[in-house]
Protein chains: 2
Amino acid sequence: MYGAVVEKTPARLTAKPSWLITQLAVHAHRLASDGFGEMGARGYHYRVLVALEQFGVASQAELGRRCNMDRSDIVATINELAGQGLVERTPDPDDRRRNLVTITTAGERHLRRLEQTLDRVQEDLLAPLTSEDRQTLTHLLTQLLAHHQRG
Amino acid sequence: MYGAVVEKTPARLTAKPSWLITQLAVHAHRLASDGFGEMGARGYHYRVLVALEQFGVASQAELGRRCNMDRSDIVATINELAGQGLVERTPDPDDRRRNLVTITTAGERHLRRLEQTLDRVQEDLLAPLTSEDRQTLTHLLTQLLAHHQRG
DNA sequence: CAACCAATGTTGGAGTCACCAACGAAAGGA
DNA sequence: TCCTTTCGTTGGTGACTCCAACATTGGTTG
């Protein structure tokens, strides 16, 4: 009984924060994708809906900046969301370059369901941590992210 | 002077650990990819080389388990590494299903350079944190990752 | 006003990473 | 011997990130 020899991944890897972060991101992404996928959505959809619900009508370029998404990816996302009747895209009368994107009531309803799914994901993701540890982790990550979004 | 109106991303997003982790992973990945890219490598190459150097000769399936990679992605990676003379692939005489993959001295040299690049990445990534905070973060992330790789 | 520059939406692509289904060959256990 | 598992391989898919180019429009400056 030597115990199952679960193949060990190199310590050189597991010691590196970049490894820990990216691998954990894989799990986070999988959890979220599974949940979103069940309702025909994906991460991009959620991001845009949240931004719309939080700040109201916005141009596509604004949405891109707020959600950390490329303009071209916004186009595709809005196409999909509009196709499902979750947002509406109308030309801005004050600036004919822009489109104004609004969330519909169906979109808000959809967002609420996505939100619930994502809350469960957070729970799963942080399951082994005490609430104090979760707070510490969130604080450290926030610090790091803030630093990298400016510099 | 209202200050630059840097478009704010929704608090609903920035409060979620899954958002923080995945966005930070984006930065980590970008930093690492930039460094690796300058020497014609990518993450998969590094992972495999580290595993080989740490545990010696291994079959492709073993490498996949150690590096958290799909068997099919191992094939492509070994093809590329072998094409550059960084690893060698030879059939296992004791098990004719397997290939034995060995790192070459050129591979070890290449790995050392990748390692240096990645060390700089860790520095960049964690720049704003004290060494104590870094330790805390590493500990928390390790806990989480361990949990999600079993369950 | 004219010339220039910046922003916007859009198209069409790229690369990385993760993952899946299927296959033949080979090994191992019942 | 059958049955199952493992292995390497091929050939995909999807999500996310990012880039280059273009025409249209807005704003600014000479």
Side-chain angles (χ1 to χ4, degrees), chain A residues 5 7 18-19 21-37 40-48 58-80 82 87 89-101 148-149, chain B residues 5 7 18-19 21-38 40-48 58-65 67-80 82 87 89-101 148-149:
Chain A
V5 177
E7 246 119 355
S18 69
W19 169 263
I21 288 168
T22 54
Q23 287 303 294
L24 197 54
V26 170
H27 290 283
H29 184 261
R30 189 177 39 74
L31 289 173
S33 283
D34 285 358
F36 287 164
R42 54 201 179 95
Y44 277 3
H45 296 188
Y46 174 72
R47 288 195 214 176
V48 166
S59 74
Q60 299 183 188
E62 276 169 345
L63 286 174
R65 287 185 291 265
R66 294 213 248 249
C67 301
N68 252 304
M69 289 171 58
D70 192 87
R71 298 200 308 277
S72 61
D73 297 319
I74 291 283
V75 173
T77 303
I78 300 297
N79 284 345
E80 292 161 7
V87 304
R89 171 161 45 191
T90 60
D92 183 344
D94 296 343
D95 186 339
R96 303 218 306 274
R97 292 172 303 177
R98 289 187 170 134
N99 289 331
L100 294 181
V101 182
H148 288 283
Q149 277 173 348
Chain B
V5 178
E7 246 119 355
S18 69
W19 169 264
I21 287 168
T22 54
Q23 287 304 295
L24 196 55
V26 169
H27 289 283
H29 183 262
R30 188 177 40 74
L31 290 173
S33 282
D34 286 356
F36 288 164
E38 286 173 11
R42 54 198 180 99
Y44 277 2
H45 295 189
Y46 174 72
R47 288 195 213 175
V48 167
S59 75
Q60 298 184 187
E62 277 169 343
L63 287 174
R65 287 186 291 264
C67 302
N68 251 306
M69 290 171 57
D70 192 87
R71 298 198 306 278
S72 60
D73 297 319
I74 291 285
V75 172
T77 304
I78 299 298
N79 284 345
E80 292 161 8
V87 304
R89 172 160 45 190
T90 59
D92 184 344
D94 296 343
D95 185 339
R96 305 218 306 274
R97 293 171 304 178
R98 291 187 170 133
N99 289 329
L100 293 181
V101 182
H148 287 285
Q149 278 174 347

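Residue numbering restarts at 1 for every chain, and letters A, B, ... go by the order of the sequence lines.
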Would you kindly give the CD1-to-C1' distance between A/I74 and D/dC19, to the nearest whole Å?
16 Å
Residue closer to the 5' end of DNA chain C, A/E62 versus B/Y44 (nearest nucleotide):
A/E62
Which part of the nucleic acid, if any, lies within contact of B/D73, taking any heavy atom under 4.0 Å across all strands shown: a base, the sugar-phosphate backbone alone, or nothing?
base
Could you state the atom-to-atom distance from CG of B/D70 to P of D/dT9 in whole Å?
13 Å
Have a look at A/R96 and say if it touches a base, only the backbone sugar-phosphate, or nothing, with a 4.0 Å heavy-atom cut-off.
sugar-phosphate
Using atom CZ of B/F36 as one end and atom P of C/dG15 as the other, report the distance to the nearest whole Å.
18 Å
Rounded distance (Å) that lies between atom C1' of D/dT10 and atom CG of B/N79:
11 Å
Would you say B/R97 places a side-chain N or O within less than 4.0 Å of OP1 or OP2 belonging to D/dG8?
no
Under 4.0 Å: is that the gap between some side-chain N or O of A/R42 and OP1 or OP2 of D/dT17?
no
NA contact type, B/G37, heavy-atom cut-off 4.0 Å: base, sugar-phosphate, or nothing?
nothing
To the nearest angstrom, the CD-P distance between B/E80 and C/dT16 comes to 8 Å
What one should report as the nearest heavy-atom pair of A/R66 and A/A58 is NH2-CB, 3.6 Å
Are OP1 or OP2 of D/dC16 and a side-chain N or O of B/Q23 less than 4.0 angstrom apart?
no
For the pair made of CG in B/D94 and C1' in C/dG28, what is the distance, rounded to whole Å?
15 Å
Side chains of A/R30 and A/D34: does their closest heavy-atom pair fall under 4.5 Å?
yes
Among the candidates D/dT17, C/dC19, C/dC17, find the nucleotide nearest to the side-chain atoms of B/S72.
C/dC19
Examine C/dC17: is either OP1 or OP2 under 4.0 Å from a nitrogen or oxygen in the side chain of B/H29? Give yes or no.
yes
Interatomic spacing from OG1 in B/T77 to CG in B/D70 - rounded to 0.5 Å
10.5 Å
More 5' along DNA chain C: B/P93 or A/V75, using each one's nearest nucleotide?
A/V75
Determine whether a donor-acceptor pair (N or O, by modelled atom type, separation under 3.5 Å) exists between the side chain of A/R47 and the backbone of A/C67.
yes
Quick one: is C/dT10 close enough that its OP1 or OP2 comes under 4.0 Å of any side-chain N or O from A/N99?
yes
Do A/Y44 and A/M69 come within less than 4.5 Å of each other through their side chains, counting heavy atoms only?
yes
Out of curiosity, A/L63 CG to A/Q60 CD, how far, rounded to the nearest 0.5 Å?
7.5 Å
May I ask you to evaluate whether B/R47 reaches the phosphate of C/dA18, defined as a side-chain N or O under 4.0 Å from OP1 or OP2?
yes
How would you label the contact of B/T22 with the nucleic acid (heavy atoms, under 4.0 Å): base, sugar-phosphate, or nothing?
nothing
In whole Å, what is the span from the CG atom of A/D95 to the P atom of D/dG27?
6 Å
Rounding to a whole Å, what distance do you find between B/H27:NE2 and D/dT17:C1'?
12 Å
For B/R71, answer base if it contacts any base atom (sugar-phosphate contacts may also be present), sugar-phosphate if it contacts only those atoms, and nothing otherwise; contact means non-hydrogen atoms under 4.0 Å.
base
